Amino acid sequence: MTQLKIAVAGASGRMGRMLIEAIQNAEDVTLAGALDVAAAPSLGSDAAAFLGKPAGVPIEADLGKGLANADYLIDFTRPEGTLKHLAYCAAHGIKMIIGTTGFDEAGKAAIAAAAQKTAIVFAPNMSVGVNVTMKLLELAAKSFSHGYDIEIIEAHHRHKVDAPSGTALKMGEVIADALGRDLMDVAVYAREGVTGERDPSSIGFATIRGGDIVGDHTVLFAGIGERIEISHKSSSRVSYALGSLRATRFLADKKTGLFDMQDVLGLK
């Protein structure tokens, strides 16, 4: 069996460790590199030491050293870090699985440009369940196109730095596209004071931050006499890690191109 050689960015963070554990537990992939920032206290230590089974892969800040043996990089860090990694991977033909959120339009354009040089799966949420939920939302939106108000409520842990979440925004985009609207024109991110009646074409967002909530998303279709709620709740980051490995396997026969989890799951 050919082993897929994967490096992990943010190797000493919560998501990085979950990815490393998932890689160590899978038979068809191997941990080939680990990256973290130069100030990380774990720099130089074995990336899998926390599991009690060292992998022989030190955590590196230098991209050349950290990615020397890798064919894939899974990145759930911050936009500025991911874009730095992106430039290196595009130049060296390393495929990327990007779960980082919070990119501006320039960042998204950079990812699209890099996909002309290497293969990339870019998705705000790598969970298989979330991406099946996206498909359900597309179908629901087409049926509830008239007479239903749409609100997206999301909750995450206190450490999350962007709001609304990338997943919530993607849900909004999926719904808006299904309704023939542009999310930029209809999104409402805050309500305070005398707001007037709700614009029936709007898509509202509500954000909750607190504790250790991994990630909860609910889309409410509120009609007259009934409410329909479609929800996904994450109890562990393991679903993101397993989805990332599925995305890695999807890229095995791809040389270039920009894909998302809907491509990975064959939902398009």
Side-chain angles (χ1 to χ4, degrees), residues 3-63 65-82 84-86 88-89 94-102 121-130 155-162 165-167 209-216 233-249 261:
Q3 296 281 302
L4 304 180
K5 297 183 289 184
I6 304 172
V8 173
S12 55
R14 292 185 301 272
M15 191 63 220
R17 288 190 167 194
M18 186 64 73
L19 286 163
I20 289 168
E21 184 172 4
I23 291 168
Q24 294 295 83
N25 288 334
E27 295 182 354
D28 60 338
V29 303
T30 187
L31 184 66
L35 298 173
D36 216 324
V37 296
S42 58
L43 212 65
S45 63
D46 191 286
F50 69 97
L51 295 172
K53 297 178 181 179
V57 175
I59 299 176
E60 304 278 3
D62 182 272
L63 297 185
K65 293 179 180 178
L67 297 174
N69 299 312
D71 295 322
Y72 305 83
L73 174 63
I74 303 179
D75 193 326
F76 279 75
T77 58
R78 300 282 179 86
E80 58 272 20
T82 300
K84 179 181 177 182
H85 303 155
L86 177 75
Y88 185 94
C89 288
I94 298 170
K95 302 175 186 181
M96 286 191 76
I97 297 85
I98 301 175
T100 305
T101 60
V121 171
F122 173 40
N125 195 307
M126 293 291 173
S127 159
V128 171
V130 162
H156 282 84
H157 52 88
R158 63 173 63 133
H159 302 292
K160 188 167 179 60
V161 298
D162 57 311
S165 70
T167 301
R209 293 288 177 267
D212 61 353
I213 302 169
V214 175
D216 293 351
K233 299 180 186 294
S234 295
S235 57
S236 167
R237 292 177 179 81
V238 69
S239 61
Y240 309 148
L242 295 177
S244 297
L245 294 188
R246 192 158 174 173
T248 303
R249 297 179 184 107
M261 285 300 288

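What's counted below: heavy atoms across the whole structure, side chains too, no hydrogens, waters or symmetry copies. This chain uses plain numbering: 1 for the first residue, then up along the sequence. Quantities reported herein were computed from a predicted structural model and do not represent experimental measurements.
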Decide yes or no for [X] and [Y]: does some side-chain heavy atom of the first lie under 4.5 Å from some side-chain heavy atom of the second?
X: Ser236; Y: Val214; value: no
X: Met126; Y: Phe76; value: yes
X: Ser165; Y: Thr101; value: no
X: Met18; Y: Tyr240; value: no
X: Asn125; Y: Met261; value: no
X: Lys5; Y: Asn69; value: no
X: Arg246; Y: Leu242; value: no

Over all heavy atoms of both residues, which pair between [X] and [Y] is shortest? Give the atoms and the distance, please.
X: His85; Y: Leu73; value: CB-CD2, 3.8 Å
X: Tyr72; Y: Leu4; value: OH-CD2, 3.7 Å
X: Gln24; Y: Ala48; value: NE2-CB, 4.0 Å
X: Ala7; Y: Ala70; value: CB-CB, 3.7 Å

Checking [X] side chain against [Y] main chain: does a donor-acceptor pair fall under 3.5 Å?
X: Gln3; Y: Glu27; value: yes
X: His157; Y: Lys160; value: yes
X: Thr248; Y: Ile97; value: no

Distance (rounded to the nearest 0.5 Å) between [X] [atom1] and [Y] [atom2]:
X: Ile98; Y: Ser244; atom1: CD1; atom2: OG; value: 11.5 Å
X: Thr82; Y: Leu86; atom1: OG1; atom2: CG; value: 8.5 Å
X: Ser235; Y: Ile213; atom1: OG; atom2: CD1; value: 13.0 Å
X: Leu19; Y: Ile74; atom1: CG; atom2: CD1; value: 5.0 Å

- Residue list, ring-ring contact (aromatic ring centres under 6.0 Å, His included) with Phe50, at least two apart or on another chain: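 If we apply the ring-ring contact (aromatic ring centres under 6.0 Å, His included) test to Phe50, skipping adjacent residues, there are no hits.
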Listed pairs under 3.5 Å, donor-acceptor, residues 52-63 side chains, sequence neighbours left out:
residue	atom	partner	partner atom	Å
Asp62	OD1	Gly64	N	3.0
Asp62	OD1	Lys65	N	2.8

Side-chain polar contacts of residues 29-38 - donor-acceptor pairs under 3.5 angstrom, sequence neighbours left out - could you list them?
residue	atom	partner	partner atom	Å
Asp36	OD2	Ser12	N	3.2
Asp36	OD2	Ser12	OG	2.2

- Please say whether more than 12 non-hydrogen atoms of neighbouring residues, nucleotides or ligands are located less than 6.0 Å from CZ in Arg78.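 Atom CZ in Arg78 is not crowded, with 12 or fewer foreign heavy atoms closer than 6.0 Å.
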